[in-house]
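Each chain gets a letter, A, B and so on, in the order the sequences are listed, and its residues count up from 1. Just so you know, these numbers use all the heavy atoms, side chains as well, and skip hydrogens, waters and symmetry mates. Predicted, not measured: the structure shown is a model, and the values here were computed from it.
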Amino acid sequence: MEFKLWPLDITYGVVGGVAEVRIFAIGEGGERVTVTDRSFKPYFYVECADCVGKLPREVEKVEVVERKFFGQPRQFLKVSTRLPEHVKTLRETFASMPGVVGVYEADIRYYMRYLIDAGVLPCSWNLAEVREVGKLGSTLVYEVEKWLGVVGGFPPQLRVLAFDIEVYNERGTPDPARDPVVMAAVKTSNGGEEVFEAVGTDDKSVLRNFANFVREYDPDVIVGYNNNGFDWPYLTERAKAVGVSLKVDRLGGQPQSGVYGHWSVIGRANVDLYNIVEEFSEIKVKTLDRVAEYFGVMKRGERVLIPGHKIYEYWRERREVLRQYVLDDVKSTYGLGERLLPFLIELSSVSGLPLDQVAAASVGNRVEWMLLRYAHRFGEVAPNRVEREYEPYKGAIVLTPKPGLYSDVLVLDFTSMYPNIMIRYNLSPDTYVQGDGWLGEIHIAPEVGHKFRASPPGFFPTVLKTLIELRKAVREEMKRYPVTSPQYRILDERQKALKIMANAIYGYTGWVGARWYKREVAESVTAFGRAIMRDVVERARELDISVIYGDTDSLFVKSGGDVERLMRYVEEKYGIEVKIDKDYKKLLFTEAKKRYAGLLKDGRVDIVGFEVVRGDWCELAKEIQLKVLEIILHSRDVQEAKRNVITYVKREIEKLRSYNFEVDNLIIWKTLDKELGEYKSRPPHLHAALILKQRGYRVGRGVTIGYVIVKGGEKVSNRAMPYIFVNAREIDVDYYINHQIIPAAVRIGQVVGVRESDFKTGEKSLLDFI
DNA sequence: GCGGCGCTACTACCT
DNA sequence: ACAGGTAGTAGCGCCGCG
C-alpha cells in the first residue's frame, strides 16, 4: 500500500546479521509508526587504476559505476559491505591496496547514507510503498518496499514535551554523584504541567516519575534548555548513581550521548533549544529567563528568578517558591520550543539532517549535509574531508565615513549579493580552471585573476539557483494564506531556512574544514563583490549622488538625487536586485567604520556597532550612551545638544559618585573563548573566571562571565570580581566613570563637540595644585 | 623603578 | 569550526631615563 509519512527520527539495528533501518515517523492520520528497511547495504566508493588484491569477506558486492568528480565523469568501484561497521574497517583495507587512488564517502553514517540514497527527507512528507509487518509496542511497523519521493504539505500536530530539573547543591557546580535532583518539571502540548519532587534528599522518585511521565505521554519532541549540556548527562549519571533506570526512548532504552555533545532519545527528537539560541548574536546574555523575555514568551518581571547558587536555600526554606521557579522555567522552555521548533523543522527539511541533530549541528555541517544530498542527486562523488592549512584571503570593501550628522540618507542593499555573484559568474569548485588549458568561454575574477568555465552551470551555482527558486515558490505560496494563519507562519519559516542556507554557501567555500573547500572560489566571490561596490560608487559619483558610507553590499546615499537610476543600474548591469533597506531622517557617524546611529523616518532610533548594542559594556554606560544619542538626534542645534549632553552626563556621574546605583547595571559580560589554561594574557574576565573556578564553579570555553570592577590599588584585571560576590560599597566608581560612562558618552557626544575634559572639570588634577 | 609607547591579546561587532 | 573587516580595551614588554 501507499503510505505518506513524516520522518521524525532515524536509527538502525542489526538483526540476524542484517542491518535494519528504522524510521520513526508520523502518518497522515496522525498515527505513530515505524518504517523499516532491511534491503539497504552500506557502501563507499573506490577509485583505482588496475587495482589488485583479494576481496575481504566483509565485502558484499563490487560494481563499476559511472560518477562525476568535480564535474568530470569518472569510473568508480562501488563497494557494498555486509554491515555498517565494516565500512570503517574496509576503508583502510582498500586505501592501502596497490593501485587505489582514493576511497570516498566512507565516512558517511549509515542512516544518513540511507536517507540520502532513498531521497527521504526528515520533517517532510514522504510517499512510500509499504507493507504492514506487525507492531512494536503500540505503534504499527511497516516495511518499506519503495520510496516514491517527497510531497509537499505542512507538518503534523506534534506531541511536544518540555522539561527542566533543579539540583540541590550548596556550592559550585552540582555533582551527580552527590547532589540529588530535587525537582523535575514537565510541560506538554496537551496542556499537562507537573512538578516531581524529591522526598528529603531521596530523588529516586523524581527520576522514576519523570521517566514514567515521558513514557506515558510518549512525546515526539523533547525540548530543554541546555539539556544536551546539563539535564541529560546529569539525569543519566544520577540515575546510575542511585540505581534507577531512565527508560524514556521509544525502544525502551535510556538517552544516549552521541557525537559533539548531542544526546539522542531513540524514536523522539531531543532538541536542545540552547543550541539554536547560541546563534542569536543579538541576545547577549543567554540565560533562559532573558531569552524567554527576548522572544516574548515570559517577562522576567512576571516570574520567579532564583540564582543557581541559591537553589538549595529555597529547597530548604522556601520550597513553594522553588516550585514556582521550576514551573516558570519549564513554561519558558516550552514557549521557546513553540517559537523555535517551526524554524528547526524547516531547517531539518532543507538540510536533510534529522530534527534532533539540526539544532546541534554547526552551520558548516548543515550546509555540507545539504550539499551531500544534491551531490548524490547529480551523480557527484563527494570529496573527502582533509586537513588543510588556513590561508587568509581578502574580503569585502568598507568605505570610510566622514564624521558628522547627516539628514535624509537612504541605505541601498544589494540583495543576496554573494549568491548572485556565484550564479552569475558560475563560481564553483568544479568550474574552476587551473592554468590555460580551457579554451571555452571563461569568467575571470578581478584582482585575483582566477578563471571559471562559463558553462555548464557548476555544482554550487546549480544548488543556489535551486534554493532561490524554491524560496521564490514558497514566497508565492505564502500569498495564498492570511498573514496570521499557521500555514503562513510555516511557509515563512521555510523561506527563511532556504535563505540562510543559500547565504551560508559562500562562507562554506572558504571554510578549511569543508569537503568542497576552494579558496579560489571564496576569493573570487569577494573580488567580484569589491569590483561591483567600486563600480557602483563610481556610478553614483557620475549621477551626482553623494555616497556617505558603504559596507560589503550596502551603500548609504543622500536622498534627493536620482537614486532610482542608480538602483536600476545595479539591477541591469549585475542582475542584483537593489532594495531600500533603511530611510534615515538623521544619521550620525564618527570616524569609525561599522558604527553609526540614526533616526529613521518611522521614528525609530537605529543603532549599529556602538557600545549600546554591545554585550561587553555595562548597562549603565549603554543607557547613558543611548540617552546622549537621543538628545543629539532630537535637538535642533548643535550647541544646545552639547549643553544638554554635558548636563545630563554630569548628573549621571554624580549619581555614581554618591553610590546611587544598582550593581546589576554595572556588570560587564564577556565570554570565555578558550579554556582557562589556554590564555596568553590575563584579561579581566579571565581573572573573574578563575575566582569562580576556585569557588567550585565549572567555567571554561563558551561560558559568559559577569564581573564588576572593585576598589583596590592594582590593575583593572585583578579587580574584576564575579558580580555575585560583590556589594555596592566595594565597587570602584572611578573605574566606571572613566572607563565606561565617559568613553561611551564621548563616543557619540564628540559629534556635537563634547570632549572628555567636559566631564573632568570638577576634579582637580595633581598638575592644577602644582 | 617607573612612565609612556606600541604591539599583542582578546572580544564583540558588521555585512 | 561558514567568511573577512573593524573598533576598542587591557595586558605586557620595551625603552629611556645620568
Side-chain angles (χ1 to χ4, degrees), chain A residues 260 278-279 281-285 351 361-368 370-371 385 387-388 390-401 411 413-419 422 460 500-519 521-527 529-530 533 549-556 581 590-596 607-617 621 668-674 678-687 689 701-702 704-705 709 714-720 735 738-740 743-744 746-747:
Chain A
Y260 314 122
E278 275 185 296
E279 292 173 33
S281 56
E282 59 270 40
I283 311 171
K284 310 301 173 200
V285 182
S351 67
S362 68
V363 174
N365 277 302
R366 286 177 201 153
V367 170
E368 190 142 289
M370 177 183 72
L371 291 173
R385 283 212 152 130
E387 236 176 273
R388 278 180 253 256
Y390 167 73
E391 283 177 278
Y393 63 90
K394 238 168 115 181
I397 286 183
V398 187
L399 306 181
T400 309
V411 180
D413 226 74
F414 309 164
T415 54
S416 300
M417 186 166 85
Y418 285 176
M422 292 177 82
F460 285 9
I500 67 143
M501 291 295 273
N503 285 341
I505 288 184
Y506 147 71
Y508 174 87
T509 66
W511 171 41
V512 283
R515 283 174 195 273
W516 278 279
Y517 169 73
K518 198 80 194 153
R519 197 203 76 242
V521 171
E523 200 169 28
S524 303
V525 175
T526 57
R530 290 192 300 274
M533 174 65 103
Y549 175 68
D551 184 349
T552 314
D553 56 359
S554 69
L555 213 56
F556 292 52
D581 201 33
T590 65
E591 56 286 299
K593 296 173 175 182
K594 300 195 184 273
R595 295 187 150 206
Y596 52 89
I607 302 159
V608 179
F610 285 117
E611 283 75 2
V612 188
V613 296
R614 293 182 64 97
D616 56 353
W617 284 72
I668 297 163
W669 299 91
K670 270 201 165 78
T671 307
L672 294 165
D673 270 4
K674 294 190 253 290
E678 296 168 12
Y679 280 87
K680 290 182 191 162
S681 64
R682 212 169 192 282
H685 67 301
L686 173 61
H687 182 264
R701 189 204 302 270
T704 304
I705 307 290
I709 304 300
E714 295 175 89
K715 57 185 163 200
V716 174
S717 185
N718 293 331
R719 296 187 279 119
Y735 172 82
N738 295 316
H739 295 261
Q740 292 273 318
V746 170
R747 190 102 55 224

Rounding to a whole Å, what distance do you find between A/R366:CZ and C/dA1:P? 11 Å
Given side chains that start at C-beta, do those of A/F414 and A/T552 come closer than 4.5 Å, heavy atoms only? no
Protein-nucleotide distance (A/D673, atom CG; B/dC13, atom P), rounded to Å: 12 Å
With A/E523, which residues qualify under salt bridge (Lys or Arg N to Asp or Glu O under 4.0 Å), at least two apart? A/R519
When you compare the side chain of A/V521 with that of A/M422, does any pair of heavy atoms fall below 4.5 Å? yes
Quick one: is B/dA12 close enough that its OP1 or OP2 comes under 4.0 Å of any side-chain N or O from A/S281? no
Over how many whole Å does the gap from A/E282 atom CD to B/dC13 atom C1' extend? 12 Å
Name all residues meeting the side chain to side chain contact (heavy atoms under 4.5 Å, CB included) criterion together with A/I283; count only those two or more places apart in sequence or in a different chain, and write none if there are none. A/V277, A/F280, A/K286, A/V291, A/Y294, A/F295
Touch class at under 4.0 angstrom, heavy-atom based, for A/Y596 against every strand present: sugar-phosphate
When all nucleic acid strands are considered with a 4.0 Å heavy-atom cut-off, which category describes A/G513: base, sugar-phosphate, or nothing? nothing
With a non-hydrogen cut-off below 4.0 angstrom, is A/V367 in contact with a base, only sugar-phosphate, or nothing? nothing
Do A/H685 and A/Y679 come close enough that some side-chain heavy atom pair is under 4.5 Å? yes
For a quick test of reading the model: is some side-chain N or O of A/Y679 closer than 4.0 Å to OP1 or OP2 of B/dT11? yes
Just call it for A/V613: base, sugar-phosphate, or nothing, with non-hydrogen atoms closer than 4.0 Å on any strand. sugar-phosphate
Between A/V613 and A/V608, is there a side-chain heavy-atom distance shorter than 4.5 Å? no
C/dC2 P sits how many Å from A/R385 CZ, rounded? 10 Å
Atom-pair distance (CZ on A/F460; C1' on C/dA3), nearest Å: 13 Å
For a 4.5 angstrom cut-off between non-hydrogen side-chain atoms, does A/E391 reach A/V512? no
Report, as a single string ordered 5' to 3', how protein heavy atoms within less than 4.0 Å touch nucleotides 4-11 of chain C: B base, S sugar-phosphate only, - not at all. BBSSSSSS
May I ask you to say what A/T509 touches in the nucleic acid, namely base, sugar-phosphate or nothing, with a heavy-atom cut-off under 4.0 Å? nothing
Can you measure A/K674 atom NZ to C/dA1 atom C1' for me and round it to whole angstrom units? 15 Å
Checking A/E387 now: which residues fulfil side chain to side chain contact (heavy atoms under 4.5 Å, CB included) with it, not counting sequence neighbours? none
Check whether any side-chain N or O of A/K670 sits under 4.0 Å from OP1 or OP2 of B/dC10, and answer yes or no. no
Rounded to whole Å, CZ of A/R701 lies from P of B/dC10 at a distance of 12 Å
Separation of B/dA12 C1' from A/L672 CG (nearest whole Å): 14 Å
Closest non-hydrogen atom pair, A/Y393 against A/A522: OH-CB, 3.3 Å
For nucleotides 1-3 of chain B, print each protein N/O atom paired with a nucleotide N/O atom at under 3.5 Å, atom names and distance only.
none

Can you sort out the partners of A/V398 under side chain to side chain contact (heavy atoms under 4.5 Å, CB included), two or more places apart, ordered by chain and number? A/Y549, A/D551, A/K593, A/K594
